[in-house]
*Asks:* 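First the structure, which I've put down as structure tokens, then a few questions once you've had a look.
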Amino acid sequence: MNPNSWISKTRSELGLFLQDMQIEHLEKNWLYLATAMIGFMVVILSIGAVFLHLNPPSHWETIDSASLHLGGEFAEDKLGVQPSKPSDVIIQVKLVAARYGFFPREIVVPADKKIQFRMASLDVLHGAHIPMTNMSTMILPGHISEVTTVFPKPGEYPLLCNEYCGMGHDHMWSKVTVLSQDDWAALKTGGKQP
Amino acid sequence: MIDMTTKRLALFNFWIAFGSFALACVFGMYQVLERSGLLTFIQSPAVYFASVSTHGVLMAFVLTTFFIMGFGYYTATTSLNMPIWNPTLAWAGYGVCLTGVVLAAIPLLLGKASVLYTFYPPIQANAFFYIGATLLVVGSWFWTAIMIVMFGKWKKAHPGETVPLPMFATTANAYLWAWTSAGVALEAVFQLLPWSLGLKDTIDVGLARTLFAWTLHPIVYFWLIPAYIALYSYVPVAAGGKLFSDKLARVAFLLILVFGLPIGFHHLYMDPEQGTIAKFWHMVGTFAVSLPTLLTGFTVIASLELAGRKRGGKGLFGWIGALPWQNPMVLAAILSLLMLVLGGFGGIVNASYAMNAMIHNTAWVPGHFHLIFAGTVVTMYLALAYQLWPKLCGKKLFSNDLALTQLWTWFVGMAIMTTPWHVLGLLGQPRRISSVQYNSLLTLAWKPYELLMILGGLVLLGSAGLFVYILFKTQTEGASEAQTVEETPLQSEVAVSNWLNNFVPWNLLILGLMLLSYGWPILQFFVLKTYNPTAWGY
């Protein structure tokens, strides 16, 4: 190969670089150990992402925040827990995030079932988080946020806004009640099992 | 060598930095008190959010930028042994920065810019706030240019020689800052300024967040590099030993420069506008950038061990006791590394992709960055001030004992304040609330931690006051000290190849990585349909 070609030059430069890296025994061991530690963590997260589908909520879907109230899926009469059949795998919840609350302010959902939240902001940035759970997403005006989770434990949870959205930010929260599947079904049917 | 121009430039920059720091600590104290709800008469969201915005801007933008500029000028002249290139330009940059700070401070203090230091639109601040912030960045570019030119001039005058480590790291930081600040500068010039001046009605929020995320991560390395310079160049000497490995130090700085940049999306894990693949890629980079910090921890601790053994320390841990704990630089390094370990652990939790959902935007996050920034970084800034003040003023340090007390109280205060925040974060408390108003059983568990953080705040405010007092007393009443010949903080004796002695290949590598990491994520806002909101007040 031509010794003046850029490949040869890069090669010899790289050789010099590697020569430079002839570092002490201890340093080398630490370098390997540190790289292995980091690699281990990345592998664990990759397994979670690829096989268990543990990914953060990402969802490109835009919407005009200024006209949410005029119709479409975020119109007032369409909000809240969506009607479902007992055979449905996923239950959908639609919420509008706006100063200062998530509307409707109170929702009731079943435990141990996939709940898909679809949320849109009417005004500014908001963040939705149910403490002690992994239900968390940012809500940007102009975008629809979608996040799916399962609540294993029945109980009453606050749904908090965790992004500064104005002077009333402290007051921005709503109530999420998680019922066992039987209680939730009873609620829907007025106490009669279907 | 250190001439009058350098001394003045350094001192003028440092006083703005540390004056802002002390003022920001007062705001911080108000915030922990207000937030706890202990004193009802000071409760006010309007004052709280104005205070939080000012505290953030002063600490993250003013303290850091001015300190780094002053320290850069000092490092360049002392380690290269040459005067500052174009002092007029340096003073002009100082003037532009200062004008920016004043312009931004007015609306901030009047409560007209309560948009937090991350200024996420569409909440809109007074236009002067954005103009001021932009000028601060533009003024800092004067410094960036001077550092890069001085690096080049020295290399030209010393062909084949190795650039001294402190200047190598400072130049790495200058390049890092040029890359880093481009994101927020684009946001300011093309989005925030025209929108706040009324030239444009709407703003693309997703694009603004993406550009800010570009800046938001590497900026912490811009703040961190001076602390690492101290750890590599001053600490081993102060401890009575030598640096374990000069080469490994250079590699660490280069790794920070290259991997620190293309990883900003770990701030956007919970955002809808960026996709899974981009987030995953940025996650891998985020883990990669912890490598230089792990190397730094090893090299600095190894250097300390060498020094401790040289001083007669025996056994597995005996060298720790043999270290000169009465030396502020050594004490600061030990406390700083301790906080780095704890804060680094929290950082790995933040970085862990989907797990971020548990703590995103909770009190855990300020807990983490107060440990890393206010703990690790600022502690080293304080120690550098104690090291440099006598050299800059020609006076002896006012009191070594007071300096040690100050460093210890800063550490203890930070530990008391950040521990409750980590717990509160795990219990789900949002980071940016001004008071707890939720009528929910869960939030009752927050109360005791809210009270504990007041104690931390008090200790920290006292410590910050003591720090400024020591500097002031040193400058005004310190005993004159005969000017000794300036000891250069560790000259390079090792010969390194061109790879570790210039930045061209590394800048090209960064360009490639930035295109890969931010190409489509930014382009998508121009290709896909977005609906941009108008401005909102608060």
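Computed from a prediction, not measured in an experiment: that's the story for all the values here. Chain letters run A, B, ... following the sequence lines, proteins first, then strands; residues in each count from 1.
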*Asks:* For B:F49, is it the side chain, the backbone, both, or neither that has a heavy atom closer than 4.5 Å to a heavy atom of chain A?
*Replies:*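 Just the side chain, heavy atoms under 4.5 Å.
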
*Asks:* Select, from B:V284, B:L528, B:T534, the one with the greatest count of heavy-atom pairs under 4.5 Å involving chain A.
*Replies:*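 It is B:L528.
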
*Asks:* Who wins among B:V205, B:D271, B:N356, B:T362 for the most heavy-atom pairs under 4.5 Å with chain A?
*Replies:* B:D271

*Asks:* Check the surroundings of atom CZ in B:F259: do more than 12 heavy atoms from other residues, nucleotides or ligands lie under 6.0 Å from it?
*Replies:* no

*Asks:* Quick one: are A:M132 and B:L427 in side-chain contact, heavy atoms under 4.5 Å?
*Replies:*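 A:M132 vs B:L427: side chains touch.
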
*Asks:* Under 4.5 Å from any heavy atom of chain B, what part of A:L26 do you find: side chain, backbone, both or neither?
*Replies:* both

*Asks:* Pick whichever of B:A278, B:S352, B:A302 has the most heavy-atom pairs under 4.5 Å with chain A.
*Replies:*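 Between B:A278, B:S352, B:A302, the count favours B:S352.
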
*Asks:* Is there a side-chain contact (heavy atoms from CB on, under 4.5 Å) between A:L140 and B:R209? Walk through the geometry before answering.
*Replies:* CA-CA 10 Å; A:L140 273 65; B:R209 284 178 70 76; 3.7 Å; yes

*Asks:* Go through A:R99, A:E61, A:H143, A:K175 and name the one with the most non-hydrogen pairs under 4.5 angstrom from chain B.
*Replies:*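 Greatest number of close heavy-atom pairs with chain B: A:R99.
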
*Asks:* Report which part of B:P121 has an atom under 4.5 Å of a heavy atom belonging to chain A: side chain, backbone, both, or neither.
*Replies:* backbone

*Asks:* Between side-chain atoms of residues 34-53 of chain A and protein atoms elsewhere (two or more places apart, or another chain), which donor-acceptor pairs fall under 3.5 Å?
*Replies:*
{"residue": "A:T35", "atom": "OG1", "partner": "A:L31", "partner atom": "O", "Å": "2.6"}
{"residue": "A:S46", "atom": "OG", "partner": "A:V42", "partner atom": "O", "Å": "2.6"}

*Asks:* Under a 4.5 Å cut-off applied to non-hydrogen side-chain atoms, are B:R432 and A:N162 in contact?
*Replies:*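 The answer is no; the side chains never approach within 4.5 Å.
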
*Asks:* Hey, is NZ on B:K112 packed in by over 12 heavy atoms from elsewhere, all under 6.0 Å?
*Replies:*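 Counting other residues, nucleotides and ligands, NZ of B:K112 stays at 12 neighbours or fewer.
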
*Asks:* B:A535, B:P122, B:G206: which one forms the most heavy-atom pairs within less than 4.5 Å of chain A?
*Replies:*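 The option with the most such pairs is B:P122.
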
*Asks:* State, with a plain yes or no, whether a side-chain heavy atom of B:L294 is found less than 4.5 Å away from one of A:W30.
*Replies:* yes

*Asks:* Other residues, nucleotides and ligands only: do more than 12 of their heavy atoms fall within 6.0 Å of OH on B:Y449?
*Replies:* no

*Asks:* If I take atom OH from residue B:Y538 and atom SG from residue A:C165, how far apart are they, to the nearest 0.5 angstrom?
*Replies:* 14.0 Å

*Asks:* By a 4.5 Å heavy-atom criterion (distance strictly below it), what part of B:V52 contacts chain A: side chain, backbone, both, or neither?
*Replies:*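 It is neither, since no heavy atom gets under 4.5 Å.
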
*Asks:* Taking every non-hydrogen pair under 4.5 Å, which of A:T137, A:V147, A:D123, A:I63 racks up the most with chain B?
*Replies:*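 Between A:T137, A:V147, A:D123, A:I63, the count favours A:D123.
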
*Asks:* For B:A357 and A:H129, which heavy atoms make the closest approach, and how far apart are they?
*Replies:*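 Answer, listing the atom of B:A357 first, then A:H129: O-NE2, 3.6 Å.
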
*Asks:* Does a sphere of radius 6.0 Å around CH2 in B:W446 hold more than 12 heavy atoms from other residues, nucleotides or ligands, not counting ones at 6.0 Å or beyond?
*Replies:*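 Enclosed.
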
*Asks:* Side chain, backbone, both or neither: which part of A:W60 has a non-hydrogen atom closer than 4.5 Å to chain B?
*Replies:* both

*Asks:* Output the distance between atom CD1 (B:I433) and atom NE2 (A:H171), rounded to the nearest 0.5 Å.
*Replies:* 10.5 Å

*Asks:* So which part of B:M355 gets closer than 4.5 Å to some heavy atom of chain A, the side chain, the backbone, both or neither?
*Replies:*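 No part of it gets close to chain A.
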
*Asks:* Do A:M138 and B:H360 touch side chain to side chain, with heavy atoms closer than 4.5 Å?
*Replies:* yes

*Asks:* Taking atom CG of A:D64 and atom CG of B:N532, what is their separation to the nearest 0.5 Å?
*Replies:* 9.5 Å

*Asks:* With chain A as the partner, which of B:T118, B:L116, B:L426 has the greatest number of non-hydrogen pairs under 4.5 Å?
*Replies:*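 Ranked by heavy-atom pairs under 4.5 Å with chain A, first place is B:L116.
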
*Asks:* Is it true that atom CD of A:Q181 has more than 12 heavy atoms of other residues, nucleotides or ligands lying nearer than 6.0 Å?
*Replies:* yes

*Asks:* Calculate, to the nearest 0.5 Å, the distance between atoms NE2 and CD belonging to A:H59 and B:Q274 respectively.
*Replies:* 14.5 Å

*Asks:* Got A:Y157 and B:L442 here, is their nearest side-chain heavy-atom distance under 4.5 Å?
*Replies:*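 Result no, sub-4.5 Å side-chain heavy-atom pair not found.
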
*Asks:* Of the non-hydrogen atoms in A:S136 and B:M270, which two are nearest, and what is the gap between them?
*Replies:*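 The answer is O-SD, 3.5 Å.
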
*Asks:* Against chain B, label A:L160 side chain, backbone, both or neither, depending on which of its atoms sit under 4.5 Å from a heavy atom there.
*Replies:* side chain

*Asks:* Minimum heavy-atom separation for B:K279 to A:P57, with atom names?
*Replies:* NZ-O, 2.8 Å

*Asks:* Under 4.5 Å heavy-atom distance to chain A, tell me which part of B:F280 shows up: side chain, backbone, both or neither.
*Replies:* side chain

*Asks:* If you count heavy-atom pairs under 4.5 Å with chain B, which of A:G142, A:S65, A:P158 comes out on top?
*Replies:* A:P158

*Asks:* Heavy-atom cut-off 4.5 Å, strictly under: side chain, backbone, both or neither for A:I144 against chain B?
*Replies:*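 Only the backbone of A:I144 comes within 4.5 Å of chain B.
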
*Asks:* Taking all non-hydrogen atoms of both residues into account, name the closest pair between B:Q437 and A:W173 and its distance.
*Replies:*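 That closest heavy-atom pairing would be O-NE1, 4.5 Å.
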
*Asks:* Of the non-hydrogen atoms in B:Y353 and A:N55, which two are nearest, and what is the gap between them?
*Replies:*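 B:Y353 and A:N55 have their closest heavy atoms at OH-OD1, 2.6 Å.
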
*Asks:* Can you confirm whether or not the ring centre of A:Y164 sits under 6.0 Å from the ring centre of B:W536?
*Replies:* no

*Asks:* Over all heavy atoms of both residues, which pair between B:G275 and A:S58 is shortest? Give the atoms and the distance, please.
*Replies:*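 Minimum heavy-atom contact is C-OG, 3.8 Å.
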
